[in-house]
Amino acid sequence: MELGLVGLGKMGGNMRERIRRAGHTVIGYDRNADVADVHSLEELVGKLSAPRVVWVMVPAGEPTQSTVDQLAELLEPGDVVVDGGNSRWTDDEKHAEQLAARGIGFVDCGVSGGVWGLENGYALMYGGEAADVAKVQPVFDALKPEGDFGSVHAGKVGAGHFAKMVHNGIEYAMMQAYAEGWELLEKVDSVENVREVFRSWQEGTVIRSWLLDLAVNALDDDEHLDGLRGYAQDSGEGRWTVEAAIDNAVPLPAITASLFARFASRQEDSPQMKMIAALRNQFGGHAVEKK
């Protein structure tokens, strides 16, 4: 099938390549002309055959809203817009209503996989009407990991980004647990090889995971993380998860504490946040602050 892809950064560029490897045609637009296939949204839409599918991979908020506004003017009834960025689910509902007024479908898709997605595939959580999802399904199939899992039609519009938001909240708590354990091991005199303790956990333990593997990768690069400042950003989805928990009276003590720990990292050079920063760099290519 044909796909228009808007936004060719760390995620979008690799997604374009993976979809092409599956035999589909991808026409990409980005403000960086060096990576773009076309030089405007108008040109992108003009090169696609109806019914068109345009996948948006730009930052949440105003950049996404501006792109949706332009596509609403350019696309035709029967076309579909997919928001694969990290938008808040409440924005999805507004975008779906805006596009539906013009007969254009809308699907929201939470995408997980970071810089590893090109080779390993992307976990996908999407929401929208079944007919709209069906138009995008070949692309979902191309992006997902091999096997039976890694892709889900989570429900109505907004369900995909809500599911991805909760996924990221869980990720916050898991990273925080590894980071706290690492700091405690580093603190005591009796444990002389913390890195190898972490490595030993990669097999046969109940806490083995891809995040643990990435922690070992980070420690192989810098055994005591001496080169990192203990500062970690939050993407926004952790905050939204806590806000949704409050709205729905669902207790989330571990996720909430992990979000507050990131705030604490901005007040001092936190050893735990060195590990959080290292993990975010490993799985997502997120920037770290050097000492």
Less than 3.5 Å apart, any donor N or O on the side chain of His95 or Gln65 sitting next to an acceptor on the other?
yes
Side chains of Leu5 and Tyr29: closer than 4.5 Å at any heavy-atom pair?
no
Would you sort out whether Ile27 and Leu48 count as a side chain to side chain contact (heavy atoms under 4.5 Å, CB included), showing the intermediate values?
CA-CA 8 Å; Ile27 301 170; Leu48 296 171; 3.9 Å; yes
Shared ILVMFWY cluster between Val45 and Val26, side chains joined below 4.5 angstrom?
no
Any donor-acceptor pair under 3.5 Å linking the side chain of Asp108 with the backbone of Gly160?
yes
I'd like to know if Tyr231 and Met175 are part of one continuous hydrophobic network [Ile/Leu/Val/Met/Phe/Trp/Tyr, side-chain heavy atoms within less than 4.5 Å].
no
To check you understand the geometry: which heavy-atom pair defines the closest contact between Phe198 and Tyr178, and what is its length?
CZ-O, 3.6 Å
What's the shortest heavy-atom distance between Leu219 and Trp182, and which atoms?
CD2-NE1, 3.6 Å
Between Arg280 and Arg262, which heavy-atom pair has the shortest distance, and what is it?
NE-NH1, 3.5 Å
How about Leu185 and Val197: do any of their side-chain heavy atoms sit closer than 4.5 Å?
yes
Can you see whether Glu186 engages His224 through a side-chain donor-acceptor pair at a distance of less than 3.5 angstrom?
yes
May I ask you to decide if Asp34's main-chain N or O and Asn32's side chain share a donor-acceptor pair within less than 3.5 Å?
yes
Show the numbers, then the answer: is there a side chain to side chain contact (heavy atoms under 4.5 Å, CB included) between Phe263 and Arg239?
CA-CA 11 Å; Phe263 297 161; Arg239 300 186 190 209; 3.6 Å; yes
Cluster check Val188, Val194: I/L/V/M/F/W/Y, side chain < 4.5 angstrom:
yes
Residues pairing under salt bridge (Lys or Arg N to Asp or Glu O under 4.0 Å) where one sits in residues 4-30, two or more places apart or in two chains, turn out to be Arg16-Asp37, Glu17-Arg21, Arg20-Asp37, Arg21-Glu119
Find out if a path of hydrophobic residues (ILVMFWY) with successive side-chain heavy-atom gaps under 4.5 Å connects Met57 to Trp116.
no
What heavy-atom pair brings Gly127 and His153 nearest, and what distance separates the two atoms?
CA-CD2, 4.2 Å
Strictly distance-based, threshold 3.5 Å: is any side-chain N or O of Asp222 a donor or acceptor partner for the main-chain N or O of Gly227?
yes
Do side-chain atoms of Asn281 reach the backbone of His286 as a donor and acceptor pair under 3.5 angstrom?
yes
Is it true that a side-chain atom of Gln272 and a backbone atom of Gln176 form a donor plus acceptor pair closer than 3.5 Å?
no
Before giving the answer on salt bridge (charged side-chain N to carboxylate O under 4.0 Å, His left out), spell out for Lys156 and Glu129 the whole-Å C-alpha distance, their side-chain angles and the decisive distance to 0.1 Å.
CA-CA 7 Å; Lys156 298 182 289 186; Glu129 297 293 332; over 6 Å; no
Evaluate the criterion salt bridge (charged side-chain N to carboxylate O under 4.0 Å, His left out) for residue pair Asp220 and Arg199; output intermediate values, then yes/no.
CA-CA 10 Å; Asp220 281 339; Arg199 197 187 311 278; 2.7 Å; yes
Check the side chains of His161 and Asp92 for a donor-acceptor pair under 3.5 angstrom, ignoring hydrogens and angles.
yes
Under 3.5 Å, is there a donor-acceptor pair between the side chain of Asn248 and the main chain of Ala244?
yes
Between the side chain of Gln282 and the main-chain N/O of Ala278, is any donor-acceptor distance below 3.5 Å?
no
Let me see the working for Thr25 and Leu3 under side chain to side chain contact (heavy atoms under 4.5 Å, CB included), right down to the final yes or no.
CA-CA 6 Å; Thr25 298; Leu3 177 75; over 6 Å; no
Evaluate the side-chain proximity of His39 to Leu44: yes if any heavy-atom separation is below 4.5 Å, no if none is.
no
Transitive ILVMFWY side-chain link Leu228 to Leu214, under 4.5 Å
yes
Start with the C-alpha gap between Val6 and Trp55, add the side-chain angles, then the distance that decides, and say whether side chain to side chain contact (heavy atoms under 4.5 Å, CB included) holds.
CA-CA 6 Å; Val6 183; Trp55 188 304; over 6 Å; no
Are any non-hydrogen side-chain atoms of Ile19 and Leu143 less than 4.5 angstrom apart?
yes
Would you indicate whether the side-chain heavy atoms of Met275 and Leu225 approach each other to under 4.5 Å?
yes
With a 4.5 Å heavy-atom cut-off, do Leu259 and Ile255 have their side chains touching?
no
Would Glu146 and Asn120 satisfy side-chain hydrogen bond (donor to acceptor under 3.5 Å, both in side chains), going step by step from the backbone distance to the final call?
CA-CA 8 Å; Glu146 298 292 332; Asn120 296 344; over 6 Å; no
Hey, could you give me the CH2/CG distance between Trp89 and Asp83, rounded to the nearest 0.5 Å?
14.5 Å
Identify the two heavy atoms, one from Leu124 and one from Lys144, that lie closest to each other, and give their separation to 0.1 Å.
CD1-N, 4.1 Å
Name every donor-acceptor pair, under 3.5 Å, that has one atom in a side chain of residues 133-140 and the other anywhere in the protein, sequence neighbours excluded.
from: Lys135; atom 1: NZ; to: Gly78; atom 2: O; distance (Å): 2.7
from: Gln137; atom 1: NE2; to: Asp141; atom 2: OD1; distance (Å): 3.0

Could you tell me whether Glu76 and Arg52 make a salt bridge, using a distance below 4.0 angstrom between a side-chain N and a carboxylate O?
yes
Check for a donor-acceptor pair, side chain of Ser66 on one end and backbone N or O of Pro63 on the other, with a separation under 3.5 Å.
no
Between Val107 and Val81, is any pair of side-chain heavy atoms under 4.5 Å apart?
no
Check this for me, if you would: do Asp91 and Arg88 make a salt bridge, where the nitrogen-to-carboxylate-oxygen distance has to be below 4.0 angstrom?
no
What heavy-atom pair brings Ala60 and Ser87 nearest, and what distance separates the two atoms?
CB-CA, 3.8 Å
For a salt bridge (charged side-chain N to carboxylate O under 4.0 Å, His left out) check, start with the C-alpha distance between Lys94 and Glu97, then their side-chain angles and the critical distance, and finish with the verdict.
CA-CA 5 Å; Lys94 292 187 292 186; Glu97 183 177 356; over 6 Å; no
Heavy atoms, side chains only, cut-off 4.5 Å: are Glu73 and Asp69 in contact?
no
Taking atom types as modelled, find out whether Ser151 and Tyr122 have a side-chain donor-acceptor pair closer than 3.5 angstrom.
no
side-chain hydrogen bond (donor to acceptor under 3.5 Å, both in side chains) between Thr241 and Tyr172, intermediate numbers included
CA-CA 10 Å; Thr241 304; Tyr172 272 49; over 6 Å; no
